[in-house]
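Below, read A as the first sequence line, B as the second, and so on, with proteins coming before strands; counting in each chain starts at 1.
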2 protein chains.
Amino acid sequence: MGTVSNVLNRPDTVSPPTRERVLTAIADLGFVRNESARHLRAGRSRTIGLLVLDIANPFFTDAARGVEEVANAQGLAVILCNSDGSPAKEAAHLEVLTEQRVQGVVITPTAELSTQLQALRSRGVPVVLLDRRAPGPDQCAVAVDDVLGGRLAADHLLERGHRRIAFIGGSGGLPQLQERHDGVVAAVREGTGAEDALTVLTPETLTVAGGREAAARILGLPAARRPTAAICANDLLAMGVLQEMVRHGVRVPEDFAIVGYDDIDYAAAAAVPLTSVRKPRVELGRRAAELLLDEAGGGTQDRPHVHEQLVFEPMLVVRESSMVRRPRRTVAS
Amino acid sequence: MGTVSNVLNRPDTVSPPTRERVLTAIADLGFVRNESARHLRAGRSRTIGLLVLDIANPFFTDAARGVEEVANAQGLAVILCNSDGSPAKEAAHLEVLTEQRVQGVVITPTAELSTQLQALRSRGVPVVLLDRRAPGPDQCAVAVDDVLGGRLAADHLLERGHRRIAFIGGSGGLPQLQERHDGVVAAVREGTGAEDALTVLTPETLTVAGGREAAARILGLPAARRPTAAICANDLLAMGVLQEMVRHGVRVPEDFAIVGYDDIDYAAAAAVPLTSVRKPRVELGRRAAELLLDEAGGGTQDRPHVHEQLVFEPMLVVRESSMVRRPRRTVAS
DNA sequence: CAACCTGTCTGAAACGTTTCATTCGATGCT
DNA sequence: AGCATCGAATGAAACGTTTCAGACAGGTTG
């Protein structure tokens, strides 16, 4: 009935007595609006999608908190999905989100921006990239300067006297890892002049298990070529490396230094507190959600939406896992 | 159009040529079904809700994986919500889930089972409790024998010679914590006969910060009354306790032993690997989702749904954080 | 040749909202 | 008193599916 709708949505247009009557009826019957019908009629839903690479990675749950906070404040529900880095799962989730007609999607995509994602955008559904740069100016993105992040980590280790460094996370695949890699490469080249100073390892997954696997491979290298430190593309990898090193009696940081990335809360609580590259985790999520809602709402009354590509500056947090100066040579401060 | 619907849902009832024609048209137009319209007509949605206490707690993300796995296999989407332990947020999320007409809800509720939750059930929406016992036989629940878990932890510490033990997590509030508390109390009473052997602390939150806070309070106690070990109601608390102890130069486990609960992956990776009470985290989620789907589907063709209250047995995993025997007295094995 | 299947396709109704035009009654103004 | 105006309530249409009854053509049977 029209009046019920008015009571719920424009209470002032209905007279107090009727309003009262309708409200008690609603309470008596336990009536709850049907969001699907609402959405169907309105043409727009009250939900947004959030699609992350790894729900078990605290970086993403922290970012998710930021997204939720902003969305809920606007009365929007968040559908949180996990692609586990698999393009197939990503595609399946995007399909579901499209069917749900979400108002927009915040996503940390797997490798290349999929055709699914392009299709979504060409349908007019706003998409904001999270922790990943936009490929062009026609799209919103909230990212971190990962080249700088890689540099910070590498410079720190070089300063401490390390001359053979491993980068764990691969050189292809995810662009954000690629950038971290590039920053490390540039810094190591400038710092040492040597081409072979850097060993790049590509673990199966970007998880604790992947870190253990990479550490095992490092330990398998002949001593003369074995790195004395590792920069890990995220903290989970770093924790895995740490575990494996400790398990083999390698002392961290005395025998082997470790630098992580993201600075999740557990990094500071690890067996050896981890040096890590800090990102504003929750803020990344918040800003992504804000950009998404602005785009979905077409901006504000006096300002149309303009696509923004936010890039935050990361910060190195030094902890025990890299605290020792290599004895071999002294270093200019 | 009816034919389109048939092509999508019962392809065999439509002749191959028309099917072809419709499919290419769908591809050309980029047509995607509208789930809201679908749901409105069908009367049931293709989503379930999952409402957890703390999305930042890896226990819940692991359980969420289990839920997602099962739900996705059935073509259902999961709306993952986070109450952060707040009844108000829980109520708000339940309201949204009700409006979305989810097929069911898997929930780890805050304190008492809210009227919202009762209302949901009386609407006929299945609700499965996760990591929490059902109050009666008229409801599904997937839980862990937390009294036993508490006992395992306490017996272990008693065996190691500890005679003053702290339980961190409070004695009221969440039933699952209450049970852990009760198990510890019973074991300590039986093991020592002393009434004052147990100190119960109730931190502000069940997080790492809460653990630090509790540890600070323990350190503030006069040495004669200060516990020599702590049993924490979850691993986050345990990690907080560990951090604060280390920060104050208290050696773990030599000066102070710690036992956690849940056995999240980070427990083994902590500064001092944590002894913890292990629960089948992912399996809990899987079974909860299975029970939910069975209830939502009214059982299977030859078997109606019967409510089940699953109780898993926890297992103590001993690691370094409790590995030292107290020197004071010897202990019967 | 008529009656009857059978396999396909078509069209209308229904789901639960919101919106908007319309109706109705009352009030104020001329 | 008659007319315009206003506020409040009503009713119908529309959103995009699915379902189901019906139409229609072509073939089979009696």
Side-chain angles (χ1 to χ4, degrees), chain A residues 1-47 49 74-77 79 95-104 119-120 123-125 296-297, chain B residues 1-47 49 74-77 79 95-103 119-120 122-125 296-297:
Chain A
M1 199 204 289
T3 308
V4 176
S5 175
N6 283 333
V7 170
L8 258 25
N9 302 313
R10 314 203 217 37
D12 42 314
T13 70
V14 57
S15 74
T18 350
R19 198 191 313 156
E20 234 18 74
R21 235 159 15 95
V22 171
L23 285 176
T24 58
I26 284 179
D28 286 354
L29 300 174
F31 171 87
V32 176
R33 276 196 291 229
N34 182 321
E35 172 61 24
S36 286
R38 236 186 144 189
H39 157 206
L40 180 58
R41 165 68 222 217
R44 54 168 20 207
S45 72
R46 306 284 298 160
T47 49
Q74 303 269 329
L76 298 182
I79 303 185
E95 177 78 17
V96 170
L97 293 175
T98 309
E99 289 185 354
Q100 300 275 353
R101 295 291 191 277
V102 290
Q103 280 203 22
L120 202 59
R123 287 181 139 262
V125 179
Chain B
M1 200 205 289
T3 308
V4 176
S5 175
N6 283 333
V7 169
L8 258 25
N9 302 314
R10 315 202 216 35
D12 43 314
T13 70
V14 56
S15 74
T18 352
R19 198 190 313 158
E20 239 12 82
R21 234 157 19 94
V22 171
L23 285 175
T24 59
I26 284 179
D28 286 355
L29 300 174
F31 170 87
V32 176
R33 275 196 293 227
N34 182 321
E35 173 61 24
S36 285
R38 239 187 141 189
H39 157 205
L40 181 59
R41 166 68 222 213
R44 52 164 25 202
S45 72
R46 304 286 297 159
T47 48
Q74 303 270 329
L76 298 182
I79 303 185
E95 177 77 17
V96 170
L97 293 175
T98 310
E99 287 184 355
Q100 300 274 352
R101 295 291 191 276
V102 291
Q103 280 203 20
L120 202 60
S122 60
R123 289 181 137 261
V125 179

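A:Arg38 places no side-chain N or O within 3.5 Å of a backbone atom of B:Glu99 that could act as its donor or acceptor partner. Of the possible donor and acceptor atoms, one in the side chain of B:Arg123 sits under 3.5 Å from a partner among the backbone N and O of A:Gly30. Judged purely by atom type and a 3.5 angstrom limit, B:Arg19 uses its side chain to pair as donor or acceptor with the backbone of B:Pro11. With hydrogens and angles ignored, the 3.5 Å screen pairs a side-chain donor or acceptor of A:Ser45 with a backbone N or O of A:Arg101.
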Summary of protein contacts for nucleotides 9-21 of chain D, nucleotide by nucleotide, where a base hit scores B, a sugar-phosphate-only hit scores S (4.0 Å, heavy atoms): SBB-BBBBBBB--

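The terminal axes of the helix from C:dC1-D:dG30 to C:dT30-D:dA1, fitted over 5 pairs per end, subtend an angle of 60° to the nearest 10°.
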CA sep, side-chain torsions, deciding dist, call: A:Ile26, A:Leu8, side chain to side chain contact (heavy atoms under 4.5 Å, CB included): CA-CA 10 Å; A:Ile26 284 179; A:Leu8 258 25; 3.7 Å; yes

When you look at B:His39 and A:Asn34, which way does the side chain to side chain contact (heavy atoms under 4.5 Å, CB included) test go after all the steps? CA-CA 10 Å; B:His39 157 205; A:Asn34 182 321; 4.3 Å; yes

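Counting heavy atoms from C-beta on, the side chains of A:Asn9 and A:Arg33 come closer than 4.5 Å. The shortest distance between side-chain heavy atoms of B:Thr98 and B:Glu95 does not fall below 4.5 Å.
One can place CD of B:Glu20 at 15 Å from P of C:dT8, the figure rounded to the nearest angstrom.
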